[in-house]
S.K.: 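I have a structure here, written as structure tokens, and I will follow up with some questions on it.
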Amino acid sequence: MSMTTIDEAVNERTYADYSRPLLWRVFMTREFAIIALLVLVYFYAYGNVANFDGPLTLYYLFLDMAPIMLIALPMTLVIITGEIDLSVASIMGLTSVMLGIGYHDFGLSMPLAIVLALVVGTVCGAINGFLVAYVGLPSLAVTIGSMALFRGIAVGLLGTEAITDFDEKWTDLATQRIGGDSSYPVILIAFVVLAIAFAILLHFSTFGRGVYEIGLNDQTARFTGVKVERTKFCLFLLAGVVSGFAGIFYTLRYGSARGDNAEFYELQVIAAVLLGGVSIFGGRGALHGVIAGVLLIGVVSSALRLENVSTNITNIVIGGLLVLSVISGSVLSSVSNLRQRRAARARAPVKASHRSGQPDDGEKAASE
Amino acid sequence: MTNEARATLVLRDVAKSFGAVAALRSATLVVHPGTIHALVGENGAGKSTLVKIVAGVHRRDGGEFRFQGDDVDFDSTAESKAAGIAVIYQEPTLFPDLSVTENIFMGRMPHGRWRRIDRHAMVAEAEAIFARLGVDIDPRRPAQGLSIADQQIIEIAKAISLDASLLIMDEPTAALSGVEVDRLFAVARSLRDEGRALVFISHRFDEVFELCDTVTVLRDGAYIDTLAVDETSADEMVALMVGREVGDLYPKTPAEFGDVVLDVSELSSRGVFRDVSFQVRAGEIVGLAGLVGAGRSEIARAVFGIDSYDSGRVRLAGKDVPRSNPRSAIAAGMALVPEDRRQQGLVTESSVTRNIAGVIRRQFARAGVLTTGMENTAARPWASKLEVKTGALDMAATTMSGGNQQKVVIAKWLATEPTLLIIDEPTRGIDVGTKAEVHRLLSELAGQGMAILMISSELPEVLGMADRVVVVCEGEITAEIDRSDATPENVMHAATHVHGHEAGASTTDSLQEGARA
Amino acid sequence: MSETLVKPSEASPLQRAVGGALRSREIAVFAVLVVLIVVATVKSNSFLFGGDGWRDLLVTPAILLVLAAGQTMVIVTRNVDLSVGSTLGLTAYLTGRLFVDQPSLPIVVVFLIGIAFGGLLGLVNGILVAGFRVPALVITLGTLYIYRGVFLEWAGSDRINPSDMPSGFLSLGTKQILTIPVLTIIALLVIAAVGYYLHTARGGREMYAIGSDPDAATLYGLAVTKRVVWAFVICGALAGLAGVFYAARYGTISSGAGRNLELEAVAAAVIGGVAIFGGSGTVWGAAIGAFLLVTIDRVLPILGIPDFWQRAVVGALIIGAIVLDRVLSARQERALIEARDR
Amino acid sequence: ASIGLTACGGDDDGGSGGSGGDGGGDITFLPKNLGNPYFDASTTGGEKAADEFGGSIEEVGPDQATPDSQVSFINTAAQQGVGALVVSANDPTAICDALNEARDAGVKVVTFDSDTDPECRDVFVSQADAEGIAKKQVELIAEQIGESGEIAILSAAANATNQNEWIKLMEEDLAANYPDIELVDTVYGDDDDQKSFDQTAALLSKHPNLKGIVSPTTVGIAAAARYLSTSEYKGKVALTGLGTPNQMREFVKDGTVTEFALWNPEDLGYLAAYTANALIEGDISGEEGDSFEAGDLGSYKVGADNVVVLGEPFVFSKKNIDDFDF
Ligand SMILES: Nc1ncnc2c1ncn2[C@@H]1O[C@H](COP(=O)(O)OP(=O)(O)OP(=O)(O)O)[C@@H](O)[C@H]1O
Ligand SMILES: Nc1ncnc2c1ncn2[C@@H]1O[C@H](COP(=O)(O)OP(=O)(O)OP(=O)(O)O)[C@@H](O)[C@H]1O
Ligand SMILES: [Mg+2]
Ligand SMILES: [Mg+2]
């Protein structure tokens, strides 16, 4: 019982690092389930969907999913802190327009126009971040508002116009393949770099530990010295920058800057993140799951499109996956709870039949 | 036997575990109509858990539960309410957006024609209950912004309005002033005289002696004994609660005091505390005493930088500590073990490692980058020094007992190797053994020259551990008493008297005079 | 719902009334609405007085009014329903199909079927959310996709044209009683009913309690699951009603029907002072918010602001509304703390 | 495995249906969006043509008329290696690269209804030449309002290529030939029923003196007609433009609309399918001067800019509307 003094006890107790074997830790996770599903669907499609094995499939899949993959990275962090950003697609639209205006109307060079667009994306993120982190407003409500605001500015600025006269060099860059003829567009390089950066940020940095702590218990995080406001602000800022980058890619890929570019992408991004195993309440999730979630959506849509199945069915499948993915978690945990309770009861059966059989020691002093 | 058949409530050998924590092992409680039954036990003895089982919040894992002669097994609080059980929970549970009246009648609002709720009838009844309790609360105002005491009163009003045959009160008086307590007791007695059964939980023995007929003692989730209040003494009750000599619990070793480490001067925060000044020296344990709600935790939070303050200054080892910036307080050498372990101390769903390394990770990370391996390496010695009982470092804190969780929190803060340790309710909800360990640890740390500011609502703990007692009442410091001069009487007196006027009425004196063990 | 928080004795009744009114979100939003209408009318007489001006002013918001009422109910319980737009589309199409396939059905029956069908979709949401205790945002995002997918798959390129529906039904879209359009009257009745329920029925007050503090609601023994399921059912049913409205008003139902209305419904509630995290706000507020949103859309072109900028104005308005809310509640909090200090 | 077999079987069917090489004869129709009766009619026409020449038609498309969603369908067609893609463009530029990639993959690209930039497609099958369409609509509205007064245009999406070109030509025509007619406003209903409807209402309240509305889009004219028919403006404000007889029948009969124009979208799809087939078969290369047979419609010649023109727009009125069903 007695406690040894602080200085002596170092080797009194030893602790294992992990309670479960490595394989268990790797395979028994939400993330792994999604990755397994992705692999399964991919190989099923590879074997059974005509033309899925063609050289263009992966190329188009990555090109189509690139903006969602990119934005899913910061969105994962935002959702892990328990917040949400619905305005990302509008930021894409606005940066797209700014790129067009910067290049076409202001006559900026392409790199300068890109910088301008990125700055606009950053400012958008900062506005969200300020309102959520420092003013303390609910992010769902704030970003519903800023979603309309940013989109409105984008559409307002460009009106009916579409700016299309971008320099070929740049629009080609957006669709270029790595090494000239592989299945991988160059945007993947940007994605991989960002993914590694975000993975380090989230999983291997003090900042990332703070992100999880804020999502699980922001009071404790504050007591521990995590700068809750600043962290949230930074994440919204990052979401703004990356959305801006995605907006630039989008514009160059289609060679067309329009106010309504990338409309409704926000729900796809969020669906992908949640499908990847991130909890909407915050505190749980990992980037590899999210990337698998995005790719799963990409593979399913691509395969179904190749089968000439309509978008509607694709949407039903994605919606169904989303619902199932949250429900399965809840069902599994309630089943295991139930089992635990049963086990506890079996250990100590409720003595309902026991009736005043023995002398009652609780009674002896009762004054009546 | 016949006696028990007439009992309102019979609980026997009730067991309840939360994951790895066994909150109740074999608890027994028999309550008769027309009596007020005290339930006592240390923090974490399982009193509240027992109450929640009776209320239908938790379901027991095993044991017997009879109410008015019938075997029952409540699935929800609605069922227990319907059966005639009213409960005042330890923590007020109010709906901040709804009016006081609605809070009282929620779930059973009377309605008239067209299923329209009858607001007039509710308000009238609420006013009647408030009149009976002798308090002046506008029944139409929203519950948001009520003081803890007012919230507690509403809990009481809620329970009384239920017209139940069993009324359970889990520490209802913790935040009340003398007059309010008096009124409550008068109401409780009249309910008893109507033939209802009451269960009263309190840490204040004077109240137990004044109000109750019978007392049941719990220790570590197990039944110890049931006594008639007339036939027992406070000393006997304490012996039963603690299970050994009380002296053991407070292994205070005398220490040399060094320089002033913490210097708080004229700290004020509007509506929370005023003109708070005190000092803590190296090697000294300063106890911050007072009633629940006096504002001690708020002072600690302001000093540490969680909350801001309006004026005054905080200095640590002669240097100013910036306001509302916990990270610079930590850098300056402060550590704060907060009062609410689950909400403030731990990320309960996170692993032991991550919790322990939570503060120091910024030190061992290289350019902000770290790995789980580095965290394990950093956390392991501290887990070991505090003898945290856990299977592996990646176990979530949820799986551990309260005492172990508290050790994790202490480990997390000691790992920062602070010069000043602020520890708020160091032993709340932990078992007797661990309690003694924590006390010994504090003593040792002070012996090694650490300055310690200890906030505690347990007078014996304050008296047993502190070198100096600073008493807070309604946000003001009302006394500073040396260890040698400190008695339960003078501390309690200061805790209930603000300068000039009295917090309660004159009856407070007589109430507190009964003093504590 | 906007009671003052300071002790009653501290302000004269007049002060209290004035202060309360000024602090009331509903009144502030209503004032903006009135100003907007006045300005538009000054600018262009016909906005209010000309021809169909009065009618259109009242009838255009009818659909959003109904949706906002349902959404309020769900938000009050600390949930959200993003699937209402899809539900509306699906029901509108069902309505059209009913007229095509069962031309003899009385209009009232079609209304009832629409409501019941919407309620059914809401029930699915409710069971998923409350039954499995999973976040409403995720579930209804999923059903948003699913319901719309089902709708499009079912409707395909099939479009319901005005000629497919009886003129008696279509005329509901414009018919007026005492110059007030029928659809608006129904919408106002719905608002009144929902408002009455939320304000004066046990179930309504319990919904506020659930949204205010779900854990406490469980401690009180409230039937949380049941109430939340009900909120979703009502919200779905109202979206169904809105679908029937849509059919009557626009006459043409194609795959785009109801797209993106969900966020507008949420926005209307938020502008009207319904707290996104539940527990407070009124359906009157949401109704005024809906009215304001729709009217802004119609007024901006008259004020010479190109309609491209409409959304920006709406966004700014939403953010302004939330910030205002925060400022007001911070002021109240400070007043309370100061009151305690005395 | 069985699914795999059927999928591969489908592939084989395509091969046998066409005459030249892999998958030839497979034609994919990609309208602006699905759920649009105008394109339903054109696809029906395409299917009729395919029956005649023995090809197969697949209709795919996004549920909303946005350019990026069209791109993924173009990509898919390229992956599938279909014989030809018949597309009505949502954006002249945004889908250009994708179309060129498809062409690189051996897919013949025919645009119809709404064109892309000429270098992105092999042939454009035009419903009528743009000038003809613009002139006809101006002529109709001028006649209906007596050649003087305010008019407005209710268009589709702000970026629709064909709409914008027509609007431009209409403006020029008005300026040159109808000095008393003033075009006061152009609004966009995005080919969305509700939006077009509300835009009509807004137009009328904003311009109390409005005498006529031209809506060169089938969704817009139907929504506008529906609004007018229930308002006091019925019969006072003229409405014309491009509409389908089925959608407009009711309004022509109740007097909201007297005359409107359109070509037969079925014929348009029919001609586009024949054009695509001619490209696949190698009968034409798409150059100016090539000519081919288009079934019942007779023989067509590829004009300047590789455009094939269906013919003059047709004017519908009370007298003839019952003769059509699309
Ligand atoms: N929901 C829970 N999950 C896990 N452990 C719990 C839970 N509730 C209580 N416990 C644990 O059960 C034990 C008994 O707690 P309980 O609240 O019943 O004690 P108590 O006697 O009421 O103490 P106090 O005097 O401090 O109120 C404690 O160790 C506590 O940490
Ligand atoms: N939720 C709340 N709403 C309103 N006032 C509160 C609330 N919590 C605390 N207070 C007020 O803040 C002051 C200090 O409360 P608190 O309970 O933290 O004090 P304490 O002395 O630390 O008590 P404890 O013994 O619980 O540590 C009191 O005046 C109390 O009424
Ligand atoms: Mg307790
Ligand atoms: Mg405290």
Side-chain angles (χ1 to χ4, degrees), chain A residues 1-20 25 200-201 203-209 212-213 216-217 219-227 283-284 340-341 344-345 347-357 359-368, chain B residues 1 3-5 12-13 15 17 28-30 32 60-64 71 213-214 216 223 226-228 230-231 306 326-327 330 336 338 343-350 354 358-359 361-362 365 368-371 376 380-381 383-385 387 390-395 433 436-437 440-441 444:
Chain A
M1 267 297 170
S2 88
M3 174 169 289
T4 42
T5 54
I6 298 290
D7 308 297
E8 345 175 321
V10 185
N11 46 16
E12 280 261 320
R13 235 168 212 286
T14 53
Y15 300 94
D17 280 352
Y18 301 104
S19 52
R20 309 272 189 189
R25 275 181 285 127
I200 291 174
L201 192 64
H203 296 298
F204 299 102
S205 80
T206 51
F207 182 87
R209 298 287 190 266
Y212 281 100
E213 281 179 9
L216 286 171
N217 186 340
Q219 268 201 69
T220 300
R222 205 180 297 274
F223 274 88
T224 307
V226 173
K227 300 201 166 165
R284 241 176 288 267
Q340 207 176 323
R341 261 252 299 277
R345 291 209 165 198
R347 266 185 270 122
V350 179
K351 291 183 224 152
S353 53
H354 173 95
R355 263 181 195 275
S356 54
D360 177 16
D361 45 2
E363 213 49 32
K364 68 182 178 196
S367 57
E368 281 239 356
Chain B
M1 262 200 281
N3 256 351
E4 187 175 308
R12 195 177 302 283
D13 293 333
S17 300
T28 293
L29 178 65
V30 178
H32 290 271
R60 65 196 191 282
D61 297 334
E64 187 184 348
D71 284 310
D213 308 309
T214 323
T216 290
Y223 171 83
T226 298
L227 309 161
D230 303 339
E231 295 161 18
I306 300 290
R327 204 182 279 187
I330 293 168
L336 169 64
Q343 289 305 315
Q344 304 169 337
L346 288 171
V347 181
T348 49
E349 286 158 272
S350 203
R354 293 231 173 137
V359 192
R361 63 177 177 231
R362 281 183 286 271
V369 175
L370 50 75
T371 62
N376 282 339
R380 187 175 284 114
S384 167
K385 275 173 205 170
E387 299 194 323
T390 177
L393 289 174
D394 72 340
M395 297 289 282
E437 287 180 47
R440 170 162 303 159
L441 176 70
E444 272 171 20

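Here is how names work: the chains are called A, B, and so on, in the same order as the sequence lines, proteins then strands, and each is numbered from 1.
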S.K.: Taking A/Tyr15 for its side chain and B/Ala383 for its backbone only, find out whether a donor-acceptor pair lies under 3.5 Å.
M.R.: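 Yes; judged by distance alone, with no hydrogens or angles, the pair exists.
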
S.K.: Should A/Asn217 and B/Gln344 count as side-chain neighbours, where that means a heavy-atom distance under 4.5 Å?
M.R.: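 No; the side chains remain at least 4.5 Å from each other.
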
S.K.: What distance do A/Asp17 atom CG and B/Asp394 atom CG have between them, rounded to the nearest 0.5 Å?
M.R.: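 With rounding to 0.5 Å, CG (A/Asp17) is 8.0 Å from CG (B/Asp394).
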
S.K.: Let me confirm one number: the CZ-OG1 distance from B/Arg327 to A/Thr224, rounded to the nearest 0.5 Å.
M.R.: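 With rounding to 0.5 Å, CZ (B/Arg327) is 10.5 Å from OG1 (A/Thr224).
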
S.K.: Identify whether the distance between the nearest side-chain nitrogen and carboxylate oxygen of A/Arg284 and B/Glu349 falls below 4.0 Å.
M.R.: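 Between B/Glu349 and A/Arg284 there is a salt bridge, with a charged N closer than 4.0 Å to a carboxylate O.
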
S.K.: So how far is it from A/Gln219 CD to B/Gln343 CD, rounded to the nearest 0.5 Å?
M.R.: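 Here the rounded value is 6.0 Å.
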
S.K.: What option among B/Thr348, B/Leu29, B/Thr371 has the most heavy-atom pairs under 4.5 Å with chain A?
M.R.: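 Top option by heavy-atom pairs under 4.5 Å: B/Thr371.
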
S.K.: What is the minimum heavy-atom distance between A/Gly225 and B/Pro326, and which atoms define it?
M.R.: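 Heavy-atom minimum between the residues: CA-CB, 4.3 Å.
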
S.K.: Does A/Ser205 reach the main-chain N or O of B/Val369 with its side chain, forming a donor-acceptor pair under 3.5 Å?
M.R.: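 Checking the backbone N and O of B/Val369 against the side chain of A/Ser205, no donor-acceptor pair under 3.5 Å is found.
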
S.K.: With a 4.5 angstrom heavy-atom cut-off, could you sort out which part of B/Ile330 is near chain A: side chain, backbone, both or neither?
M.R.: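 The side chain, not the backbone.
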
S.K.: Could you measure the distance from the CG atom of B/Leu346 to the CD atom of A/Glu213? Nearest 0.5 Å is fine.
M.R.: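 The CG atom of B/Leu346 sits 10.5 Å away from the CD atom of A/Glu213.
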
S.K.: How long is the gap from CD1 on B/Ile306 to CZ on A/Phe223, to the nearest 0.5 Å?
M.R.: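 Here the interatomic distance stands at 4.5 Å.
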
